[in-house]
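Working notes, beginning with the structure itself.
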Amino acid sequence: MVKVILKKVSPFSVAKIQALLMGIFGLLIGIIMTIVSLFVKIPSWGYSSIIIFPAIYLISGFICGLIGAWIYNLCSSIIGGIELEMDEE
């Protein structure tokens, strides 16, 4: 077992992964909202949900990833990072 301490993360790297995950989640929400709007008449929703929701989730995910990584780096410099245990193969 090797103990490793994660002291810093790259904010841009975290933001890219967060944006991708949130974009996929936004696409799922957009698909669900499109299906719901076919049965329930919701004005101004419909097929545009497939474009709008992923875009909003992707942008907000990127921004939140940047902020979250910055906060992690700030906190880890004060109180220490996350301790991980890894096996060597």
Side-chain angles (χ1 to χ4, degrees):
M1 277 290 172
V2 176
K3 288 188 180 182
V4 180
I5 297 177
L6 183 62
K7 291 186 178 183
K8 270 189 135 173
V9 293
S10 169
F12 187 69
S13 177
V14 172
K16 288 188 302 186
I17 297 297
Q18 183 75 14
L20 176 67
L21 293 174
M22 292 300 289
I24 292 169
F25 184 70
L27 181 62
L28 293 174
I29 296 295
I31 291 170
I32 291 169
M33 294 307 294
T34 300
I35 292 170
V36 167
S37 71
L38 292 174
F39 298 108
V40 178
K41 298 297 179 189
I42 301 173
S44 75
W45 286 22
Y47 296 112
S48 62
S49 299
I50 294 176
I51 304 294
I52 294 171
F53 279 97
I56 291 172
Y57 276 68
L58 189 124
I59 292 167
S60 64
F62 187 84
I63 293 169
C64 289
L66 277 176
I67 294 169
W70 179 76
I71 291 172
Y72 176 80
N73 288 338
L74 182 67
C75 291
S76 68
S77 67
I78 296 170
I79 60 172
I82 296 174
E83 187 176 306
L84 305 171
E85 289 186 16
M86 298 184 178
D87 287 333
E88 287 187 44
E89 291 185 345

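No hydrogens, no waters, no symmetry mates; every other heavy atom, side chains included, goes into these values.
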Any idea which heavy atoms bring [X] and [Y] closest together, and the distance?
X	Y	value
G61	Q18	O-CG, 2.9 Å
N73	K7	OD1-O, 4.2 Å
E88	V2	OE2-CG2, 2.8 Å
A69	P11	CB-CA, 3.5 Å
P54	S49	CD-O, 3.6 Å

Q: Determine whether V14 and L66 make a side-chain contact, defined as any pair of heavy atoms from C-beta on separated by less than 4.5 Å.
A: no
Would [X] end up clustered with [Y] when hydrophobic side chains under 4.5 Å apart are linked, directly or stepwise?
X	Y	result
L20	Y57	no
I24	I63	no
F53	V36	yes
V9	L74	no
L28	F39	no

Q) Taking it one step at a time, do K3 and L84 satisfy side-chain contact (heavy atoms from CB on, under 4.5 Å)? A) CA-CA 6 Å; K3 288 188 180 182; L84 305 171; over 6 Å; no
Q.
How long is the straight-line distance from CD1 of I52 back to CD1 of I29, given to the nearest 0.5 Å?
A. 14.5 Å
Q. When rounded to the nearest 0.5 angstrom, what distance separates CD1 in I32 from CD1 in I50?
A. 11.5 Å
Q: Take atom CZ of F25 as the centre, draw a 6.0 Å sphere, and report whether it contains more than 12 heavy atoms from other residues, nucleotides or ligands.
A: no
